K.L.:
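Got a structure for you, written out below as structure tokens; questions coming shortly.
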Amino acid sequence: KAGVTQTPRYLIKTRGQQVTLSCSPISGHRSVSWYQQTPGQGLQFLFEYFSETQRNKGNFPGRFSGRQFSNSRSEMNVSTLELGDSALYLCASSPTPRGGQGTQYFGPGTRLLVL
Amino acid sequence: KNEVEQSPQNLTAQEGEFITINCSYSVGISALHWLQQHPGGGIVSLFMLSSGKKKHGRLIATINIQEKHSSLHITASHPRDSAVYICAVAETSGSRLTFGEGTQLTVNP
């Protein structure tokens with residue numbers, strides 16, 4: 001089976017712009033979680049989706065949003081970008097409905113730089 | 001105090017040494033994960049535990065639910081084991097993961 005794919009892999013934006021990142025889970029996985037990784041805060045949970053429903057949301061401002069489509073692909077959007085949004089954004093898929101309670105399969109990540 | 005604490009933060013070993021990384025957590029959990037992250041960012045799931053012990057090749061993970069503690073052991077360490085090892089827990093109240101800060105392991109030949 002193909003692994004989790006994320007596009008784009010690298011992205012440079014300027015403050016105030018918005019960005020959309022995409023994640024395609026492993027075939028058959030309906031649970032997708034998103035994480036942000038920065039040198040200062042480490043890995044932090046953003047969202048979890050299962051069957052097009054948001055199951056959990058982390059402690060991030062409303063500028064961070066996401067959705068999941070009927071084919072389980074997921075997107076996350078960040079509006080009005082700030083310098084502090086520069087990070088590695090990772091998504092992970094899981095075969096279990098509760099993502100964190102099953103093995104997580106991570107994508108390669110999207111590295112976002114905000115100038 | 002972080003909900004998930006790892007020690008040590010940095011670890012340097014000689015090839016062949018036995019390595020232990022520790023993880024303590026303060027919340028009730030439904031599962032604990034050990035992850036490996038290589039330079040470049042890719043993360044691989046090594047283990048998911050809810051009780052007892054698991055072994056995969058040279059890696060062993062244990063968890064003590066009563067003491068809220070888990071350990072990751074690497075036997076006969078090798079330079080290719082050099083990576084950041086991250087402990088993460090899924091709380092019983094939900095399935096979101098909370099992560100430790102990671103342990104940077106360097107194994108010298």
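Keep in mind the model is a prediction, meaning the values are calculated, not measured. Lettering follows sequence order; numbering is per chain, from 1.
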K.L.:
Is A:Val4 reachable from A:Val32 through a run of I, L, V, M, F, W or Y residues, each pair having side-chain heavy atoms under 4.5 Å apart?
P.N.:
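The answer is no; the residues belong to distinct hydrophobic clusters.
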K.L.:
Do the side chains of B:Ile63 and B:Val89 join up, straight or via other hydrophobic residues, at under 4.5 Å, putting them in one cluster?
P.N.:
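Yes; tracing contacts between hydrophobic side chains, which count when under 4.5 Å, links both residues.
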K.L.:
Quick one: what part of B:Ile29 sits under 4.5 Å from any heavy atom of chain A, side chain, backbone, both or neither?
P.N.:
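Neither part.
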K.L.:
Would a hydrophobic clustering, with Ile, Leu, Val, Met, Phe, Trp and Tyr connected at side-chain separations under 4.5 Å, put B:Leu32 with B:Leu46?
P.N.:
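Looking at the clustering, B:Leu46 is in the same group as B:Leu32.
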K.L.:
Examine whether an atom of B:Ile86 lies under 4.5 Å from a heavy atom of chain A, and if so say whether it belongs to the side chain, the backbone or both; otherwise answer neither.
P.N.:
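Just the side chain, heavy atoms under 4.5 Å.
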K.L.:
Please say yes or no: joined through hydrophobic side-chain contacts below 4.5 Å, possibly via intermediate residues, are B:Val107 and B:Val84 part of one cluster?
P.N.:
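No, B:Val107 and B:Val84 fall in different hydrophobic clusters.
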K.L.:
Is there a side-chain contact between A:Leu43 and B:Leu97, using heavy atoms and a 4.5 Å cut-off?
P.N.:
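A:Leu43 does not reach B:Leu97 side chain to side chain.
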K.L.:
Kindly provide each donor-acceptor pair between chain B and chain A shorter than 3.5 Å, listing atom names and distance.
P.N.:
| unit_1 | atom_1 | unit_2 | atom_2 | d |
| --- | --- | --- | --- | --- |
| B:Ser30 | OG | A:Gln101 | NE2 | 3.3 |
| B:His33 | NE2 | A:Gly100 | O | 2.6 |
| B:Gln37 | OE1 | A:Gln37 | NE2 | 2.9 |
| B:Gln37 | NE2 | A:Gln37 | OE1 | 2.8 |
| B:Gly94 | O | A:Gln101 | NE2 | 3.4 |
| B:Ser95 | O | A:Gly100 | N | 3.2 |
| B:Ser95 | OG | A:Glu48 | OE1 | 2.6 |
| B:Ser95 | OG | A:Glu48 | OE2 | 3.1 |
| B:Arg96 | NH1 | A:Lys57 | O | 3.3 |

K.L.:
Is there a continuous path of hydrophobic side-chain contacts, each under 4.5 Å between heavy atoms, that joins B:Val27 to B:Ile65?
P.N.:
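Yes, because B:Val27 and B:Ile65 connect within a single hydrophobic cluster, where side-chain heavy atoms sit under 4.5 Å apart.
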K.L.:
Going from CD1 on B:Ile43 to CG on A:Leu88, what distance comes out if it is rounded to the nearest 0.5 angstrom?
P.N.:
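Output value for this atom pair is 7.5 Å.
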